[in-house]
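Report on one structure; see the data block that follows.
Below, read A as the first sequence line, B as the second, and so on, with proteins coming before strands; counting in each chain starts at 1.
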There are 2 protein chains.
Amino acid sequence: MHEILRKTFEGNTNLPEEQWAFVLNHYKPRTTKRNEILLEKGKISQHLYFVVKGCLRIFLTDDDGQEATRFLVFEGSFGTAFPSFTLQQPSSASIQSIEPSELLVINYSDYQLLLETVPGWERMTRLSLQQDYIDAIMRIESLITLDAKERYNILLKKNPRLIQRLPNKFVADYLGISQETLSRLKSRKS
Amino acid sequence: MHEILRKTFEGNTNLPEEQWAFVLNHYKPRTTKRNEILLEKGKISQHLYFVVKGCLRIFLTDDDGQEATRFLVFEGSFGTAFPSFTLQQPSSASIQSIEPSELLVINYSDYQLLLETVPGWERMTRLSLQQDYIDAIMRIESLITLDAKERYNILLKKNPRLIQRLPNKFVADYLGISQETLSRLKSRKS
DNA sequence: TTCATTTATTGACTTTTGTCAACATTATTT
DNA sequence: AAATAATGTTGACAAAAGTCAATAAATGAA
C-alpha cells in the first residue's frame with residue numbers, strides 16, 4: 001500500500017533504503033466511508049492525507065449553507081486544509097471523503113519530524129510545494145481569464161476522469177459556478 | 001539598499017554574518033522606468049525580483065489584447081513569472097514595472113546556487129513558498145465564493161495602499177472584473 | 001427489487017457583469 | 001501652460017450566470 005506513495009516521492013528525491021522505511025512508516029493507513037467528514041471547519045488540521053484510492057474534497061461553507069470546493073484530491077495526490085495544517089490555525093475549510101477511500105496519513109508533528117531528521121526531505125517538500133503553488137497559479141489564471149464554459153472544457157481535457165466520476169455538484173462548485181449552469185454547459189453545443 | 005531584503009529574509013531564517021553577505025551579494029540592484037517590460041510572454045523567466053520601491057505586475061494577455069493581472073508585487077515582496085522561472089519554461093505571463101522601481105534581482109542559476117550551498121537556505125525558500133501558496137489558495141477562495149463587490153471590499157480592507165496607488169484598470173483586472181464594473185462598485189453605496 | 005433520497009435537468013425570471021460608446025477627468029510630455 | 005495621451009465615469013444594452021421551482025433520473029439503503 002505504501003508502494004504508490006513511494007513512487008510518488010521518488011519523482012522528487014532519492015533516499016537510501018533505510019530512510020525510505022523511516023519516512024513511509026510515518027504514513028499510517030486509514031480507510032474512510034463515503035461522505036465521511038475528516039475535518040470540520042473551525043478545527044485545526046492535524047493531518048496531511050495521501051489518497052491511495054478514492055477522493056477527498058476540501059470545501060468551504062458559508063452561513064447560508066452554500067458550498068464551494070477549494071480542491072479535489074484524487075489517487076496519487078496529497079491534500080489537506082493547507083493553510084490550517086501549515087500554520088496550525090483554525091481551518092476555514094472542511095475536508096470530506098467523497099468516496100470510500102484508502103488513505104495514508106501523516107500528522108503535523110511527524111511531518112515536522114521528517115523535515116528535521118531526514119536529509120533531503122526538506123527538498124522533497126519544497127519541490128512538491130512548488131508544484132502545488134504552480135497549480136494554484138494556473139487555477140487563478142483560469143478563474144480570472146476564462147468564462148465558465150472555457151473552464152469546463154479545460155477541465156474536461158485535463159482531467160476527464162474527474163468529471164466522469166464525480167457528482168455534478170462537486171464539479172460545479174470546483175469550477176466556481178452553480179450546478180444548473182454546469183448542467184446547461186454540458187448540453188450546449190459549442 | 002539590501003537592508004530591507006535582509007529584514008524580509010530574517011523573518012524566516014537566521015544566518016551567520018558571512019553567509020548573509022554571500023546571499024545578499026547575489027541580489028543585484030536594478031532600476032526600472034515606468035511601464036518598462038521586464039519579461040515578455042513566450043520568453044523564459046530568468047529572474048526573481050525583490051521590490052525595494054515601486055511595483056511590478058505579472059499579467060496575461062490574450063489574442064484580443066485583453067489583459068488580466070495575475071499578481072501585483074509591492075515593496076518588500078518577491079515576484080516573477082513563477083511557473084516559468086521554476087520550471088524554466090516559456091512564460092504565459094509578462095512582467096511589467098508599473099512605476100519607476102528599485103529592484104534587487106537574482107538570476108535562476110544563482111537562486112539554485114544558494115539552495116545548494118547555503119545551509120538552511122532551502123528552509124528559507126520552503127517557508128516563503130508556503131506563504132505564497134497560502135496566499136494563492138486564499139485568492140482562489142475569494143474568486144470562487146465572492147462576488148466582485150465583496151472581493152473589492154476585502155482588497156480595500158487588506159491592501160488599501162494598493163487601491164489608492166494603482167490605476168483603476170490594474171486593480172480591476174487583478175480582481176478579475178472589468179474597469180467599468182470596478183468604477184460602478186466604487187460609487188455604489190452598500 | 002423497491003423505496004427513499006440524492007442528484008440532474010429544464011424553464012422562467014432576476015441579478016450581475018461585460019461591452020461599446022461618449023464624454024469627463026487626470027497625468028505626461030513638450 | 002498647452003497639447004496629447006491615458007485613465008475614469010456613466011449610460012444603454014447584451015451576455016453570462018444565478019436563483020427558484022418543478023420534474024426527471026439516478027443512486028444507495030433496506
Whole-Å distance, A:Leu182 CG to D:dT19 P, equals 14 Å
Would the B:Phe50 and B:Tyr27 ring centres measure less than 6.0 Å apart?
no
Going by atom types only, do A:Ser142 and A:Arg151 share a side-chain donor-acceptor pair under 3.5 Å?
no
Indicate the ring-plane relationship of B:His47 and B:Tyr49, choosing parallel, tilted or perpendicular according to the 30° and 60° boundaries.
tilted
DNA chain D-proximal residues of residues 154-169 of chain A, any heavy atom under 4.0 Å
none
Whole-Å distance between D:dA6 P and B:Ile98 CD1?
16 Å
When the distance from CG of A:Asp173 to P of D:dG18 is rounded to whole Å, what number comes out?
11 Å
Whole-Å distance separating the CZ atom of A:Arg151 from the C1' atom of D:dA16
11 Å
Separation of D:dA26 P from A:Lys186 NZ (nearest whole Å)
12 Å
A:Glu150 vs A:Lys157, salt bridge (Lys or Arg N to Asp or Glu O under 4.0 Å): CA-CA, chis, key distance, verdict:
CA-CA 11 Å; A:Glu150 294 172 310; A:Lys157 203 171 199 171; over 6 Å; no
For the aromatic rings, using the six-membered ring if either is Trp, is the centroid distance between A:Phe78 and A:Phe9 under 6.0 Å?
yes
Once rounded to the nearest 0.5 Å, what's the spacing between atom CD of B:Glu122 and atom CE of A:Met124?
11.0 Å
Considering residues, nucleotides and ligands other than A:Asn14, do more than 12 of their heavy atoms fall under 6.0 Å from its CG?
no
Do other residues, nucleotides or ligands put more than 12 heavy atoms under 6.0 Å from A:Lys43 NZ?
no
Which nucleotide wins on minimum distance to the side chain of B:Ser178, given the candidates D:dG18, C:dT16, C:dG18?
C:dG18
Could you pick out which residue, A:Gln179 or B:Phe170, lies toward the 5' side of DNA chain D when each is mapped onto its nearest nucleotide?
B:Phe170
Side-chain N,O (A:Ser183) to OP1/OP2 (C:dA8) below 4.0 Å:
no
Do A:Arg57 and A:Asp173 sit within salt-bridge range, that is, some charged N less than 4.0 Å from a carboxylate O?
yes
Below 4.0 angstrom, N of the basic side chain to O of the carboxylate: do B:Glu180 and B:Arg184 qualify?
no
Figure out the CD1/C1' separation between A:Ile144 and D:dA16, and round it to whole Å.
18 Å
Does the side chain of A:Thr145 come within less than 4.5 Å of B:Asp62's, by heavy atoms?
no
Any A:Thr181 side-chain nitrogen or oxygen under 4.0 Å from OP1 or OP2 of D:dG18
yes
Under 3.5 Å between N/O atoms: give me all the protein pairs with nucleotides 20-29 of chain C, atom names plus distance.
from, atom 1, to, atom 2, distance (Å)
C:dC20, N4, B:Glu180, OE2, 3.1

Once you build an axis from the first five pairs and another from the last five of the helix from C:dT1-D:dA30 to C:dT30-D:dA1, how far apart in angle are they, to 10 degrees?
60°
Give the rounded distance in Å between these two atoms: CG of B:Leu146 and P of C:dT16.
14 Å
Are A:Arg139 and A:Phe71 in a cation-pi setup, meaning NZ or CZ lies under 6.0 angstrom from the ring centre and within 45 degrees of the ring axis?
yes
What is the distance, rounded to the nearest whole Å, between atom CG of A:Asp147 and atom C1' of C:dT19?
14 Å
